[in-house]
Structures are given as C-alpha cells and as structure tokens.
Novice: 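There's a structure below that I have some questions on.
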Amino acid sequence: MKIFPFLAFAGGIFALSHQTAFANDDKTALIEEGRYLAAASDCAACHSIKNKPEYSGGVSFTLPIGIIHSTNITPDVEHGIGKYTEAEFGRALREGIRQDGSTLYPAMPYPSYARLTDHDVHALYAYFHEGVSAAAIPTPENGIRWPFSMRWPLMFWRWAFSPAPAKAQEKTLHEFADAQMARGAYLVEGPAHCGACHSPRGLTMQEKALTASDGTSYLAGGAMIDGWIPTSLRQENRTGLGRWSEQDIVDFLKTGRNMQGESFGAMTSAIVHGTQHLTESDLHAMAKYLRALQPFDQTQPNWVYDPTATNALHKADVSARGAKLYVDNCAACHRTDGKGYPPVFPPLAGNPVVMGKDPASLVHVVQAGATLPKTEAAPSAFTMPDFMHRMNDQQVADVVTFIRHAWGNNASAVSAEDVAKLRKAMPPRNMADGDISLN
Amino acid sequence: MTKKHADAIVVGAGWAGSILAKELTEAGLSVIMLERGSERATAVEGAYPESIDELRGAIRKRLFQNLSQTTVTVRNTIDQTALPYRQLAAFLPGEGVGGAGLHWSGVHFRVSPEDLRLRSSVVERYGEKFIPEGMNLQDYGVTYAELEPFFDKAEKVFGTSGEAYKVNGKIVGNGNIFDGDRSDNFPLPVMKDTFTASTFRAAATEAGYHPYSLPAANASRQYTNPYGCQMGPCNFCGYCSGYDCYLYSKASPNVNVLPALRQDPRFTLISDAHVLRVDLDDTRAKATGVAYLETKTQKEISLSADLVILSAFQFHNVHLMLLSGIGKPYDPVSNTGTTGRNFVYQTITSSRIWLPSSKYTNQFIGAGGVGVAIDDFNSMNFDHGPLGFVGGSPVWVNQAGVKPIAAAIGTGGGGTPRWGSAYKGALIDTYKHSIGVDAHGSNMAYRDVYLDLDPTWKDAYGQPLLRMTFTWKDNDIRMNQYVVSKIEPIARAMGATKANLVHLNAGQPFDTRHYQTTHLGGGAIMGTDPKTSALNRYLQSWDVSNVFVIGSNAFPQGMGYNPTGMVAALAYWAAYHIRTTYLKSPGPLVQA
C-alpha cells in the first residue's frame with residue numbers, strides 16, 4: 001500500500017520536471033534571443049568596460065555639457081536594473097524614461113530603440129535579468145554642469161525628438177514590401193542604431209532623420225565622435241558606400257575588413273561587440289537595405305583610378321608634396337599604387353574615409369595609429385603604428401595631402417595648422433590603454 | 001592544494017608546440033602551453049621602423065635565448081672538459097612566444113625522400129661496408145608518402161610560396177626535379193628572383209645543373225590560411241632572419257597559428273614559465289605532469305596532465321628528457337642508451353663570388369626564404385660510389401638581405417685587412433657587386449658525438465647544463481669539399497672576376513665563435529628500434545608512452561635542407577596519430 005503513493009509521487013515529479021525542462025528550453029531560447037539582440041543593439045559598446053563585469057556600466061562620455069557615465073544594466077537590485085519591471089525596462093529602452101520618471105540623456109539611443117518590437121523587448125528583458133550576472137558596482141557620478149545637470153528640461157527634448165514606439169514601429173516596419181528589406185530596415189533603424197553616429201544632428205543634437213523615409217540626410221554621415229568622422233552609409237560614389245557590394249558590407253560587419261577598407265576608431269567596438277555576432281542572413285538584410293539608400297550628395301563625380309601618382313613613384317619621382325614621406329612610411333603596406341593588399345592592408349585609392357571633406361579620420365589614423373580588430377571569423381589583428389613619434393604636423397599634413405590628392409582621390413589639401421588643431425582633438429594613441437594584439 | 005590539471009601540457013610555444021596545441025584543442029582536449037620567455041607582439045617590438053634596427057635586432061640578439069639563465073656546455077671530443085656557451089654565435093635558439101619560429105628566415109622545405117631511409121638507401125646501393133666506422137647511420141622509420149599529406153597541410157598553414165615540379169605524378173612547373181611527388185601545388189605563387197638569384201639560375205643551367213626556387217614561407221601575396229589567420233605580402237625588406245616581420249608576411253606561430261588558437265577557450269598559454277622537468281610516476285613509465293618555475297616570482301608550480309608534449313627547441317627537449325629520466329641516457333663507450341644519441345648539426349660553408357663592377361647585386365634587397373638552389377649534389381641524387389662519403393648538400397643563392405652592420409663585419413679577414421682604405425674599398429666592392437653562395441649540407445651521426453648532462457656546470461635554477469660533444473668528421477668534411485668544388489663552374493658561367501670558395505679543412509674542429517646555423521638535430525631520434533632510437537615512428541617516447549617529443553631532435557641525421565618544414569610535418573603526423581589512435585586507447589602506438 002505504500003508503494004502506490006510513492007509511485008504517484010515519483011510520477012508527479014517526473015511530469016513536473018518534464019514540464020520544467022520544456023519551460024526551461026523556451027526560457028533558454030528567449031534568453032539566447034535576447035543575447036543576440038543585445039549584440040545587434042551593441043549594448044556592450046557603452047555599458048561594458050574591459051576587465052570589469054559585463055554590462056556593469058561606467059563608460060564615460062565627454063560631451064560639450066560635461067562628462068556622463070553609462071549605467072550598470074546588470075540585474076543587480078541596488079546598482080543595476082534588478083528592480084525594473086518589463087514595462088519599466090521597455091519604457092527606458094524605447095522612450096528614454098527612467099524608473100523614477102526622469103529622462104535619460106539621449107546618449108542612450110532611445111529614438112532608435114523606439115522601433116523595437118514588444119517581443120524583442122521581452123527577449124532583451126529576459127536576457128538582462130536572467131542571462132547576465134548581477135554586478136554590485138555603482139555608476140559613477142555624472143559631471144554635468146548646471147543648468148544641464150537638471151534632467152527635467154530633457155523632457156522637452158524627448159517630447160520634440162523621440163518618437164512614440166507605436167509610431168516609430170509603424171514607420172520602420174511598413175516601409176518595404178520585401179521581407180529581407182524590412183528586416184534590414186528594422187535592424188539598421190532600430191536595434192543597430194546606426195544613425196546615432198552616422199546621421200547628421202541638428203542644433204539641439206537630435207538626429208535630423210531617424211529612418212529612410214525621413215529624408216536623404218538619414219545616415220548621410222555624422223559629426224566627429226572621439227576624433228573620428230562617421231562616413232555616409234548612403235550610395236555616394238566617393239564618400240559613401242556607392243562602390244561597396246552587398247558582400248563587401250557583410251564582410252565588413254562580420255570581420256572588420258573587406259576588399260575596400262578596414263575598421264578603425266569607434267566602429268571597431270560596434271563590430272567586435274555587435275555586428276560580428278549577427279547571422280549571415282541578418283547581415284545580408286542590413287547590406288541590402290543600406291544599398292538601397294540613394295545618395296544625399298547628388299553632385300559627386302564617380303571616382304576613377306588615376307595612375308599619375310603611381311607612375312611618378314615608379315619612376316622614383318617624389319617631387320609631389322608628401323610623396324617621399326609616403327614612400328618611406330606608408331608604401332610598404334599600402335603600396336605605391338595606393339591599392340594596398342586587401343583584405344589585409346586596406347587600399348587608400350578610392351577609400352571613402354580618405355576622400356571625405358573633413359580629413360580628421362585620416363589625420364588621426366596617421367597620428368594615433370590603429371588596430372584592425374580580431375573577430376571570431378578573422379582572428380588576425382593587424383596594427384598600424386602611430387606616426388606621431390616620427391612626423392611633425394607639417395609632415396603629417398604633407399603625407400595626408402599626398403594620399404588625398406593621389407590616384408584620383410582629388411580631395412582637398414590639409415595644412416600644418418589643420419593638423420595641429422586636430423592633434424588637440426586626437427584620440428588616445430593606439431594601444432595606450434594596454435590593449436595589444438598578440439599576432 | 002590540488003594541482004591544476006589539463007588534458008595535455010605542451011612545453012614550448014614555437015612551431016611544434018603551437019601545431020600540437022592547435023590539433024589537440026581541435027580534438028576537444030584542454031591544453032596548457034608553457035613558454036619560458038615572454039609574449040611577443042608584432043604591434044610592439046615588431047612595429048616598423050624600430051623592428052628593423054639591426055643593432056638591437058641581430059647584433060644584440062633581441063629575439064634569442066637569454067644565456068645568463070641557462071645554456072649548454074660544449075666540447076669537441078670525449079677527452080676534453082666542456083665549457084659553457086656564454087655568447088650566442090654558432091647557433092641561435094629563440095626565446096619567447098613563437099620561439100625560433102618567430103626569428104627564422106622562412107626557407108620551407110619538405111624532405112628528400114631518400115633522406116628518410118638513408119641507411120637503407122646507402123646499403124642498397126653501396127653495401128653495408130660503405131658506411132664508415134663509428135657512423136650511426138639510421139632510417140627515420142617513416143616514408144615520404146606517409147608524410148606527404150602533412151607537408152601539404154603545413155604549407156597551407158604557413159602560406160608557402162614556391163614552384164612545384166610534380167603534382168600527382170604530372171609535371172606542372174619548373175620546380176626541383178629531385179623533389180618527391182606532391183598532392184597539391186604550393187598555396188602561393190613563387191617569390192620573384194632577386195638579381196643574384198636569376199644570375200645563379202642562368203649560370204647553374206649553363207653549368208648543366210637543375211636550378212629551382214627555394215620554397216619560402218614568406219608570402220608572395222596576401223594570404224588567409226585554413227585557420228583564418230592572415231598574412232601580408234613580403235616586400236623584400238631583408239629583415240627576416242633574426243627579426244619579427246613588421247609586414248606579417250613571414251610565417252610564424254604568432255601570425256599563422258596562435259591567433260586562432262588563442263580564441264579557443266580550451267587553450268591556455270602561460271609565458272615566463274621555465275619547465276624544470278616532466279614528473280613521472282613510480283613506474284617511471286608514465287608522466288603525471290610537469291613542474292615549472294614562474295620566472296617572475298621564482299615560484300615552482302606543478303601541473304598534472306594525461307599527456308605531455310615536449311616541443312621546445314631541439315636540445316631543450318633532450319635536456320628535459322635527461323633531467324626527467326625519460327629513456328636511458330646514451331653511453332658513447334658502449335654505444336647503448338638512446339637519450340642524447342645521434343646528436344647532429346649541418347655542414348655549412350658560405351662562399352662569395354664577385355661580378356664585374358658594371359653589375360650591381362643590390363644585396364640590401366632580400367627575403368629569408370627566397371633564392372635559387374641546385375640539388376644535384378644533395379641527398380642520394382648523385383653517385384657516391386667513387387667519392388666514398390655519405391650525404392650531400394644543396395647549393396644556393398639565398399639573398400636574405402645584407403644589413404649594414406653585417407656587411408661591415410663580414411668584410412676583410414682571412415689575410416685581407418679589417419681596417420683602412422683597403423678594407424673600405426673591399427667593403428664597397430663586396431656590398432655592391434658580390435654574390436653569396438652557400439653549400440648547406442648534411443651532417444652524419446657518430447658514436448662519439450652526443451648530448452648528456454654536464455657533470456660540473458649548472459644553470460641559474462640549479463640544474464645541470466646540457467653538454468654537447470661535437471666536432472667535424474672526415475666524412476662530412478670531404479662531402480663539403482666535393483660540393484664546394486662544384487660551385488666553380490657556376491662562378492665561371494656568371495662571369496666572376498673573383499671567387500672565394502670556402503670549405504672545411506681536414507681535421508678542422510667545430511668552433512662555436514662563428515655563426516654557422518641554428519639547425520641542430522637529433523639527440524632524441526625517431527626510429528623503429530627502441531635500442532637505437534628514443535622515440536617510435538610517431539615521436540612517442542618508447543619508455544614513457546604519454547610523452548611525445550616533437551622537433552628536429554627526432555632527425556637521425558642532419559639533412560641538407562632547412563629543418564622547419566620537416567618539423568612541422570612531423571608535428572602534424574604525430575598529432576594525427578595521437579588524435580586518431582592514441583586518444584582512443586592511450587598507450588604505446590608501437591610495441592617495443
């Protein structure tokens with residue numbers, strides 16, 4: 001008589017555990033989906049610091065109004081977002097409203113995240129509460145000067161410039177008949193928040209356009225961030241992605257390198273934390289969408305390779321401004337014909353970064369050096385040395401001018417004064433943080 | 001405290017260690033790799049232009065072993081007392097992650113098929129009596145056909161540039177007619193000839209020889225290897241040997257294997273870890289792990305492991321075996337024991353040919369692995385019968401780039417002045433108009449040439465130093481003299497104004513004060529008989545079956561070719577048999 005209830009009990013446990021396993025599988029899948037979306041949204045770029053627990057915040061951003069810090073978004077109850085309900089989490093993410101009702105600084109790209117679907121917010125919530133370890137690390141005090149330290153005026157900014165989620169979703173999700181384009185639009189305009197860097201901003205720092213349908217200024221190139229100029233992601237032939245194939249864009253986002261160029265500056269973190277983790281199909285969707293964006297600048301003549309500079313160098317004629325410096329310092333990797341050895345060493349001939357109106361990125365790469373990041377699919381990290389210790393402002397100006405003039409690049413000259421000015425806004429010398437690639 | 005455990009411990013972070021660590025992590029094992037030296041980064045020490053500072057580099061030995069901590073002692077003959085090798089000269093072992101694989105030149109040969117069965121081949125052609133008294137001539141116990149897939153794999157990992165002769169039995173190009181058959185072509189096209197190489201090619205052809213391009217692990221183009229690791233293309237800057245390549249174009253463990261390996265969570269690399277010994281259990285037939293010294297803290301640490309791979313430099317592997325009691329130490333008097341037996345080197349002399357002053361040889365250009373060679377007097381490619389010696393030597397122009405200090409040091413001497421206007425005139429003439437030609441020959445193993453523990457000298461860690469007993473023997477001296485004499489018709493065909501043909505002289509002892517080559521070999525050789533080899537044909541210790549010893553220590557003879565390609569192929573060969581057989585049922589792969 002004792003056996004029966006025991007069996008029943010055991011059977012009950014079996015049924016229960018079976019059910020739990022089933023629920024666990026669903027939950028695990030949801031958390032994994034959230035992990036994927038967190039990568040697609042590049043949360044780590046702002047909320048994680050190397051050698052500190054993941055997502056524990058504390059990354060500082062120097063803005064004209066002072067210094068702000070990213071917050072701890074681990075599920076820690078005291079310092080993180082452990083107390084947020086899913087609705088509160090969604091409101092912070094999509095509307096920029098904190099749990100206490102105050103407004104987040106728009107460094108958090110909630111005007112883009114406004115597009116996130118309820119399901120994706122649900123997955124992100126599951127991941128940030130159950131897939132991330134809690135870290136009891138307080139967020140440093142922000143150093144914002146009064147009156148900007150008052151958060152209530154931000155409310156007006158938010159009202160004026162941040163779309164309501166329902167409206168934002170409608171705009172992004174119903175733009176395209178093609179499912180792949182729709183997916184690309186969702187990723188680029190929503191979680192990937194490409195526009196946060198690559199779209200121009202207005203006087204009050206709002207992005208001039210948040211979606212493709214808002215006009216051709218969307219992703220037409222942004223203002224300098226940490227010394228780097230985000231290029232146009234539209235179809236300009238010279239300064240945009242006009243000559244990049246769909247595969248070029250996919251390769252770039254997956255490996256940081258392709259036959260046209262290589263990642264440096266702020267984009268590196270977006271690739272390492274974010275895009276390299278996306279599926280091939282999502283990357284192709286993003287690439288296809290980007291390739292459909294008509295040029296903002298309609299006046300650009302097509303870039304055509306001009307061999308004049310190459311021919312001169314091949315005849316040992318280094319009379320052009322900066323030519324000798326180029327041969328001595330740059331040509332080993334980038335070649336006298338400017339074509340480089342892609343995807344290992346990037347071409348300078350026809351490179352959109354080189355031809356930009358503002359030479360800041362090019363000058364800063366020469367001054368500070370750069371490391372091509374390693375990714376899972378491309379484990380080799382190549383480092384270009386910084387040339388600050390070898391070249392003065394005049395020499396940097398000369399060599400940059402040579403690169404901007406040669407091979408049909410036909411971009412404007414750069415003066416020693418320009419370089420001196422840029423030196424003050426220079427990003428930290430490459431590897432100054434001790435992050436050294438070991439190949 | 002419980003010891004940290006890994007499925008496998010790999011000692012040494014050079015080519016052999018990196019290949020084994022990669023293969024074993026691929027097989028699912030957790031691997032700890034221990035490296036005596038520090039991490040090396042192209043981005044820091046290898047950065048242009050500081051990396052090509054010759055004074056800091058080859059002259060002050062930036063990438064080489066620090067002899068103040070441990071070294072070897074050397075003597076020529078058994079009746080002498082050995083003294084420590086205190087200044088790097090004759091050979092240059094590496095130190096730090098990448099090992100000698102970071103500072104090598106990049107000449108990436110396979111092997112002459114007959115060299116793998118040299119004893120059998122000599123006996124078949126000339127009879128047992130042809131082998132001189134006291135020569136321990138032996139076969140490897142593995143055939144070229146067995147190794148071929150692993151040579152192929154290594155070339156694809158290294159991004160080797162070259163021109164094949166035969167692929168799958170079909171003649172496909174202008175490669176070396178003496179080569180073994182290949183299953184595939186080189187992954188990268190052949191490197192371009194320097195002026196000196198093309199001059200040598202034309203002259204060697206005129207002299208009736210069969211010139212071919214050296215296979216070079218200097219990338220002729222940008223390259224992505226099967227591990228996803230990438231290389232830039234070589235620009236002939238001339239700073240390979242003794243340097244880390246700032247263009248990422250010379251193959252190294254650091255550039256070609258470790259970037260992929262470091263991404264594997266099963267892999268751990270511990271640098272600044274000097275391995276003191278392999279720990280054995282009471283039966284002395286099984287290794288339990290290793291003990292190493294954390295050099296920065298001088299703390300001794302023990303690790304346990306199921307499998308131990310010794311993949312340090314050739315003589316460090318033998319040293320560790322002797323210190324750990326793996327195998328029976330070799331005794332030259334009774335010719336018994338195996339650890340330390342068949343210690344070999346290479347027989348190399350460098351000659352110089354001067355062209356008329358209208359010809360500029362542009363010796364500042366170069367790459368470590370680039371050049372043109374002939375194999376007409378290498379291996380078993382010619383009739384040794386009337387000559388009465390075993391072995392042979394490729395002859396080549398290998399213009400690796402003559403650096404300014406080396407050019408100055410290399411001029412004068414041997415009866416010509418080392419200072420003044422005559423010296424300066426010679427320096428200019430030699431630098432502008434001369435061609436270096438090397439005879440890069442084999443070196444046979446002898447009963448009284450061996451490695452053992454020095455009875456007197458100890459290293460900084462209190463362990464006995466390894467003792468080398470080595471000198472040149474008549475067989476190899478005569479081989480060298482014969483092959484060098486064959487350079488003369490080439491010099492004549494080049495239109496030489498002068499030639500200084502350098503060869504060893506009868507009775508000449510080995511002299512550690514001048515660089516000869518870092519291609520040391522043997523001491524723990526592979527073979528089919530546990531009485532005459534320390535390792536079986538899978539490079540597994542006959543005595544301690546969970547220890548594999550990978551490196552040129554396994555070569556029974558010093559061959560005419562540069563050893564790295566053979567070491568890499570043996571590493572892949574051993575790894576393949578560990579993965580497919582040993583791990584399924586650990587134990588001896590060959591019954592003794």
Side-chain angles (χ1 to χ4, degrees), chain A residues 251 254-259 262 264 272 276-277 313 325 327-337 339-347 366 368-391 429-439, chain B residues 13 18 22 35 38-52 96-98 102 159 219-239 244-265 267 269 271:
Chain A
D251 290 345
K254 190 87 197 160
T255 67
R257 64 203 81 184
N258 63 20
M259 298 308 284
E262 286 180 5
F264 60 88
V272 170
Q276 69 154 321
H277 302 293
L313 294 185
L325 285 161
V327 171
D328 288 343
N329 296 286
C330 318
C333 295
H334 299 288
R335 295 169 54 154
T336 45
D337 62 10
K339 290 178 180 171
Y341 296 97
V344 175
F345 304 134
V366 173
T371 293
L372 170 69
K374 60 173 185 272
T375 68
E376 275 167 32
S380 298
F382 297 112
T383 296
M384 166 168 154
D386 71 77
F387 284 86
M388 270 288 280
H389 66 297
R390 304 196 68 209
M391 290 192 202
R429 274 171 64 166
N430 188 39
M431 304 188 293
D433 58 357
D435 192 4
I436 292 161
S437 67
L438 286 171
N439 57 320
Chain B
S18 299
K22 182 78 180 78
E35 165 55 43
S38 304
E39 282 283 7
R40 305 264 191 208
T42 306
V44 183
E45 335 176 40
Y48 177 82
E50 287 79 1
S51 64
I52 59 170
V97 173
L102 185 61
S220 58
R221 287 185 190 160
Q222 62 270 54
Y223 181 66
T224 303
N225 79 6
Y227 299 146
C229 299
Q230 294 180 314
M231 305 170 80
C234 172
N235 75 343
F236 287 74
C237 83
Y239 288 80
D244 31 10
C245 176
Y246 67 83
L247 269 173
Y248 304 88
S249 45
K250 179 180 72 180
S252 66
N254 315 57
V255 168
N256 296 57
V257 184
L258 287 166
L261 194 46
R262 290 182 200 271
Q263 291 194 329
D264 195 316
F267 173 72
L269 194 162
S271 59

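Here is the naming used below: chain letters follow the sequence lines, and residue numbers restart at 1 for every chain. All values reported here derive from a predicted model rather than from experimental measurement.
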Novice: What part of A:Arg335 lies closer than 4.5 angstrom to a heavy atom of chain B: side chain, backbone, both or neither?
Specialist: neither
Novice: Identify the two heavy atoms, one from A:Pro385 and one from B:Tyr48, that lie closest to each other, and give their separation to 0.1 Å.
Specialist: CG-O, 3.6 Å
Novice: Is A:Phe345 close to chain B through its backbone or its side chain, or both, or neither, when contacts mean heavy atoms under 4.5 Å?
Specialist: side chain
Novice: Could you look at B:Tyr227 and say if it's the side chain, the backbone, both or neither that has a heavy atom under 4.5 Å from chain A?
Specialist: backbone
Novice: Sort A:Asn430 into side chain, backbone, both or neither according to what part of it lies under 4.5 angstrom from a heavy atom of chain B.
Specialist: neither
Novice: Looking only at atom types and distance, does a side-chain atom of B:Tyr248 sit under 3.5 Å from a main-chain N or O of A:Asn439, one as donor and one as acceptor?
Specialist: no
Novice: Inspect the surroundings of NZ in A:Lys374 and state if more than 12 heavy atoms from other residues, nucleotides or ligands are less than 6.0 Å away.
Specialist: no
Novice: Identify which part of A:Met431 has an atom lying under 4.5 Å from any heavy atom of chain B, answering side chain, backbone, both or neither.
Specialist: side chain
Novice: Using modelled atom types only, decide if a donor and an acceptor are shared between the side chain of B:Gln222 and the backbone of A:Gly340 within a distance under 3.5 Å.
Specialist: no
Novice: Sort A:Ala381 into side chain, backbone, both or neither according to what part of it lies under 4.5 angstrom from a heavy atom of chain B.
Specialist: backbone
Novice: Just checking A:Arg390: does its CZ atom have more than 12 heavy atoms from other residues, nucleotides or ligands closer to it than 6.0 angstrom?
Specialist: yes
Novice: Report the option among B:Pro253, B:Pro49, B:Gly46, B:Ala47 that has the most heavy-atom pairs separated by less than 4.5 Å from atoms of chain A.
Specialist: B:Pro49
Novice: Where do A:Thr383 and B:Ala43 come nearest, in terms of heavy atoms and distance?
Specialist: OG1-CB, 3.4 Å
Novice: So which part of B:Gln230 gets closer than 4.5 Å to some heavy atom of chain A, the side chain, the backbone, both or neither?
Specialist: both
Novice: Sort out for me which of B:Cys229, B:Pro233, B:Gly228 touches chain A most, counting heavy-atom pairs under 4.5 Å.
Specialist: B:Pro233
Novice: Who among B:Thr42, B:Val44, B:Val97, B:Leu247 has the most heavy-atom pairs with chain A under 4.5 Å?
Specialist: B:Leu247
Novice: What's the spacing between A:Ser380 OG and B:Asn254 CG if we round to 0.5 Å?
Specialist: 11.5 Å
Novice: May I ask you to name which of A:Ala332, A:Gly369, A:Ala377 has the most heavy-atom pairs under 4.5 Å with chain B?
Specialist: A:Ala332
Novice: Quick check for you: to the nearest 0.5 Å, what is the distance between A:Leu438 atom CG and B:Arg40 atom CZ?
Specialist: 12.0 Å
